[in-house]
Amino acid sequence: MPAELTFSANDLAQMRFAVSPMWELGTSFKLLNSGAAHPVHQRWIDQVRPRAVAAGLDRGWLAELIRPDAYVPDFLNPAPAGPAPTLAAELAAILAAPAERVRQDLDRLRQEQGPLGPRLRSLRAEPSAHLRRLAEEIETYWELALAPYWARIRAVLDAEVFQRARQVAEHGAVHLLNDLHTSVGWDDNVLRLSRRSNPISRTTAGAGLLLIPSAFTGSVPLTRVTPPEPPQLAYPARGVGSLWEARPVTGSAAIAAVLGRSKALLLTELDTPASTTELARRTGLSAPAVSQHLTALRDAGLTSAHRAGRSVLYARTAVAESVLAATAARGAG
């Protein structure tokens with residue numbers, strides 16, 4: 001029997017979308033730590049896995065909490081307070097998680113996956129004393145695995161929210177819910193989730209519904225039900241299939257006329273986040289010259305820097321992506 005969630009007019013009125021850094025963090029870590037290849041995310045995996053292993057993330061707090069094909073403790077996915085909370089805001093909610101909530105989630109993890117390791121036993125015993133260490137590891141993983149790619153990921157998720165909002169405006173909320181995924185369906189004021197094994201009801205869930213598009217959930221939507229918060233439904237966003245495809249840049253001469261040849265070259269090379277040393281090797285520029293140009297691009301809001309162990313990875317910002325896209329469109333026209 002599929003899980004069924006009834007809706008009142010009030011629940012439908014409180015349904016909303018949100019983009020959640022912690023949902024992307026948890027699902028991406030599960031994929032990365034599985035050790036498996038992936039038809040869509042392999043390019044990202046190949047770049048990130050060596051950095052994650054070097055940082056010891058394959059054997060830390062997250063590795064014990066987020067296991068392949070297993071329940072992920074609910075306290076790691078607090079309900080987003082707005083449409084696009086920052087990682088810092090979600091970490092603050094994790095740090096504020098009630099001790100009983102943390103213990104309840106860890107007990108479920110133990111029941112489903114076997115004995116807890118020493119880190120999780122200490123976390124269960126004194127949540128407030130150890131959540132800070134977990135939060136620090138989450139920040140480390142974010143900086144080396146997701147922050148350098150966030151502009152690209154966020155563009156896909158924002159486009160999904162925009163398209164779904166237009167769908168609601170043109171066809172209504174029922175059409176949206178029936179179109180989210182083959183395992184999700186709406187009929188007679190009831191949302192049916194055929195892939196959810198545990199029952200769900202308004203007595204065990206808060207009001208409304210949080211729809212969370214995700215790049216890393218895989219092919220099956222994921223749910224989180226923790227009253228009194230609204231239930232969360234994380235579902236695969238459209239457009240993820242092209243997320244890591246190399247993007248040819250046209251109109252580079254026009255960009256070079258504004259930024260200079262070397263800066264334009266570096267911006268083009270940052271289709272994949274890279275260190276100063278790697279960019280020097282790729283472009284033939286000296287490392288000091290690359291560093292100087294990257295600083296200028298960062299000051300202009302076109303690149304961002306992210307600590308990854310002993311290295312710093314540079315990535316294009318959303319502003320840079322927009323400039324390149326506009327230039328490519330003008331060149332194509």
Side-chain angles (χ1 to χ4, degrees), residues 2-3 5 15-45 48-49 52 62-63 65-80 83-85 87 90 94 105 109 112 138 141-142 145-146 149-150 152-164 167 176-185 191-198 200 205 209-226 229-245:
L5 182 65
M15 185 176 72
R16 62 185 176 90
F17 284 90
V19 172
S20 167
M22 278 306 302
W23 268 106
E24 297 310 287
L25 189 145
T27 51
S28 67
F29 186 88
K30 179 176 285 194
L31 171 63
L32 192 70
N33 213 37
S34 71
H38 194 276
V40 172
H41 296 301
Q42 194 59 45
R43 187 180 181 207
W44 173 84
I45 290 171
V48 171
R49 185 176 283 153
L62 288 173
L65 276 170
I66 304 175
R67 308 178 190 182
D69 301 319
Y71 161 74
V72 175
D74 289 327
F75 74 86
L76 289 176
N77 293 113
L87 178 68
E90 294 197 315
I94 291 173
D105 291 350
L109 185 65
E112 295 185 8
I138 287 173
Y141 176 73
W142 174 265
L146 290 176
Y149 308 89
W150 190 238
R152 180 175 286 204
I153 295 170
R154 181 68 188 273
V156 170
L157 301 182
D158 285 349
E160 168 69 11
V161 172
F162 176 81
Q163 291 166 5
R164 293 298 186 180
Q167 190 177 37
L176 161 74
L177 292 170
N178 277 320
D179 188 57
L180 278 180
H181 191 267
T182 55
S183 67
V184 178
L191 185 68
R192 292 180 171 83
L193 307 169
S194 64
R195 299 297 293 270
R196 180 180 167 87
S197 57
N198 296 326
I200 180 174
L209 178 66
L210 265 172
L211 295 171
I212 301 177
S214 173
F216 292 97
T217 54
S219 59
V220 179
L222 303 174
T223 53
R224 176 191 184 272
V225 181
T226 308
E229 296 177 350
Q232 299 182 41
L233 176 62
Y235 69 94
R238 293 171 294 186
V240 171
S242 60
L243 183 58
W244 309 117
E245 291 179 357

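All values below come from the heavy atoms of this structure, side chains included, with hydrogens, waters and symmetry mates left out.
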From Val161, Val184, Leu176, residue fulfilling side chain to side chain contact (heavy atoms under 4.5 Å, CB included) relative to Leu211
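Going through the options one by one, the only one that passes is Leu176.
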Can you find a heavy atom in the side chain of [X] that is under 4.5 Å from one in the side chain of [Y]?
X      : Y      : answer
Ile153 : Trp244 : yes
Ile94  : Phe75  : yes
Pro21  : Trp142 : yes

Just verifying a value: how many Å separate [X] [atom1] and [Y] [atom2], rounded to the nearest 0.5 Å?
X     : Y      : atom1 : atom2 : answer
Ser28 : Tyr149 : OG    : OH    : 11.0 Å
Leu25 : Leu146 : CG    : CG    : 5.5 Å
His38 : Ile45  : NE2   : CD1   : 6.5 Å
Met22 : Phe29  : CE    : CZ    : 11.0 Å
Asn33 : Leu62  : CG    : CG    : 9.0 Å

Sequence neighbours excluded, which residues qualify as salt bridge (charged side-chain N to carboxylate O under 4.0 Å, His left out) partners of [X]?
X      : result
Asp105 : Arg101
Glu160 : Arg164, Arg238
Arg67  : none

Sequence neighbours excluded, which residues qualify as side-chain hydrogen bond (donor to acceptor under 3.5 Å, both in side chains) partners of Ser183?
His181
For Thr27, give me all partners under side chain to side chain contact (heavy atoms under 4.5 Å, CB included), at least two apart in sequence or on another chain.
Trp23, Ser214, Phe216, Thr217, Leu222
Any residue meeting side chain to side chain contact (heavy atoms under 4.5 Å, CB included) with Asn198, in chain and number order, not counting sequence neighbours:
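Per chain and number, Asn198 pairs via side chain to side chain contact (heavy atoms under 4.5 Å, CB included) with Arg108, Arg196.
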With distance as the sole criterion, is a donor-acceptor pair present between the side chains of Thr223 and Gln232 under 3.5 Å?
no
